[in-house]
Amino acid sequence: MKTDAIAPRLLAWHAKAGRHDLPWQRDRSPYRVWVSEIMLQQTQVATVIPYFERFMARFADVRALADAPADEVLHLWTGLGYYARARNLHRAAQIIRDEHDGRFPRLLDTVMDLPGIGRSTAGAILAISTGARFPILDGNVKRVLSRHSGVDGPIDDNATLAQLWKLADAHTPDENVATYTQAIMDLGATLCTRGKPRCGECPIARDCRARIEGRQAELPAGKRRRAARKLRHAVMLVARRESEVLLVQRPATGIWGGLWCLPEFSDRESAATFASRELEKARLADAALPDIEHSFTHFDLVITPLVARCGGEARIRDGKTLWYDLAVPARVGLPAPIKTLLGSLLERNQS
DNA sequence: TATCCGTGGTC
DNA sequence: TGACCAAGGAT
């Protein structure tokens, strides 16, 4: 091993300053590591922890997940975002059950064939759970390596990524791969952060090109971003009996895919047309609800509940419908703002 | 290949 | 307070 290798220093640093108590580090079975890696995609550790605990309490192994209804998987994902991850996780569990005899595969290409798992996630799962020598290249590793080697191409550029994968592979040691993988991610998450990196505590600062040249703030080079759009949708809160509201399942693709949402219309006028055709138009005098504003990266959503009472069934064309009982809520996937709205309705009902 | 997909935290 | 970001992958 070269004398300037970073792995020994990362391993020593990790032993005293790394994170060792995360829930998915207790039992590093491929299944648990897999679920954690999916949840952690584009999502911070502190956000993931309670979701991971609830998920494991309900789905202890691959078979329990594979046998569960998709609605229940999405229910446990409610509020975590990027819901395609949950749908892919569920499908992959069924593939493992049906085609791999319920055992998580050990070959990189086989793992990468599972939906929702790319090269980096596949490498992380196998490296952390089995110790096999596979490099990873997540956001933390990209930042650490681009700074350490002074890689200054745009971070989303193919040539830059190829360069970083080569570095990631070269730095991965032959032994202690699981700990090394955890160590380089911890370094990126806790010391080599995007803003104000703590180079004084960094074990590889002495040969870090970015630090030597004072370019920590420039690396890694940012990605191009597009302008945000502003969209508005009108939704309708349809209620019947004491505490039931109408939900419609969204298409499997697109935003909030497969989740249950309030009936949505392109504008307030078409929502009113729907109300007059299908429903009694009696607006609830005491049901004035605040508009819910929800911001995404690419657009702002303003939910303006137009409240209507319904005596019997209400049908939404081309959609599955569900009467959601606030008192005994169904275990289905809900978008975060809808979950918040239904929660406030439940409180109002109880008071 | 550029765009899409969520949410909560941070400054 | 609005812009930006965080353990990527699919299309």
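Note: hydrogens, waters and symmetry copies are ignored here, and every other heavy atom, side chains too, is used. Below, chain A is the first sequence line, B the second, and so on; all start at residue 1.
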Given atom OH of A/Tyr51 and atom C1' of C/dA7, what is their separation to the nearest angstrom? 17 Å

Round to the nearest Å and state the distance from A/Ile38 atom CD1 to C/dG9 atom C1'. 9 Å

Can you tell me how far P in B/dC4 sits from the matching atom in C/dA7, rounded to whole Å? 23 Å

Does A/Arg87 have a side-chain nitrogen or oxygen under 4.0 Å from the phosphate oxygens OP1 or OP2 of C/dA10? no

Can you check the A/Leu40 CG to B/dG9 P distance for me, whole Å? 16 Å

Look at the side chain of A/Asn158 and decide which nucleotide, out of C/dA7, B/dT1, B/dG6, has an atom nearest to it. B/dT1

For A/Leu22, which contact category applies under a 4.0 Å heavy-atom criterion: base, sugar-phosphate, or nothing? base

Give the rounded distance in Å between these two atoms: CD of A/Gln42 and C1' of C/dC5. 9 Å

Once hydrogens and angles are ignored, does a donor-acceptor distance under 3.5 Å link the base of B/dG8 to the side chain of A/Thr43? no

Using the ring centroid of each side chain, check whether A/Trp24 and A/Phe52 are separated by less than 6.0 Å. yes

Quick one: label A/Trp24 by what it contacts on the DNA or RNA (base, sugar-phosphate, nothing), any heavy atom closer than 4.0 Å. base

I want to check one thing: is the phosphate of B/dT7, taken as OP1 and OP2, less than 4.0 Å away from some side-chain N or O of A/Tyr83? yes

Do A/Asp71 and A/Trp260 have side-chain atoms, one donor and one acceptor, less than 3.5 Å apart? yes

Nucleotide B/dT7, atom P - distance to CD1 of A/Ile49 in whole Å: 20 Å

Take the protein atom OH of A/Tyr82 and the nucleotide atom P of C/dG9, then report the distance between them rounded to whole Å. 12 Å

Could you give me the CA-CA distance, side-chain angles and deciding distance for A/Asp101 and A/Arg103, then say whether salt bridge (charged side-chain N to carboxylate O under 4.0 Å, His left out) is met? CA-CA 6 Å; A/Asp101 200 23; A/Arg103 288 189 290 270; 3.4 Å; yes

N/O (side chain, A/Asn88) to phosphate O (OP1/OP2, C/dA10) under 4.0 Å: no

From CD of A/Gln44 over to P of B/dT7, roughly how many Å is that when rounded to an integer? 15 Å

Is the phosphate of B/dT7, meaning OP1 or OP2, less than 4.0 Å from a side-chain N or O of A/Trp256? yes

Closest approach to the side chain of A/Thr121, judged atom by atom: which nucleotide of C/dG9, C/dC5, B/dG6 is it? C/dG9

Can you establish whether the number of heavy atoms outside A/Glu201 located under 6.0 Å from its atom CD is more than 12? yes

If you look at every strand shown and take non-hydrogen atoms under 4.0 Å, does A/Gly79 touch a base, only sugar-phosphate, or nothing? sugar-phosphate

In whole Å, what is the span from the CG atom of A/Leu114 to the C1' atom of C/dA10? 15 Å

Among C/dA7, C/dG9, B/dT7, the one nearest A/Ser120 by side-chain distance: C/dG9

Please test A/Arg133 against A/Asp169 for salt bridge (charged side-chain N to carboxylate O under 4.0 Å, His left out), starting from the C-alpha separation and ending with a verdict. CA-CA 9 Å; A/Arg133 187 187 176 286; A/Asp169 181 54; 3.1 Å; yes

Rounding to an integer number of angstrom, what distance separates C/dT11 and B/dG6 when you compare their P atoms? 14 Å

Take atom CZ of A/Arg331 as the centre, draw a 6.0 Å sphere, and report whether it contains more than 12 heavy atoms from other residues, nucleotides or ligands. no

Does a side-chain N or O from A/Arg119 land closer than 4.0 Å to OP1 or OP2 of C/dG9, or not? no

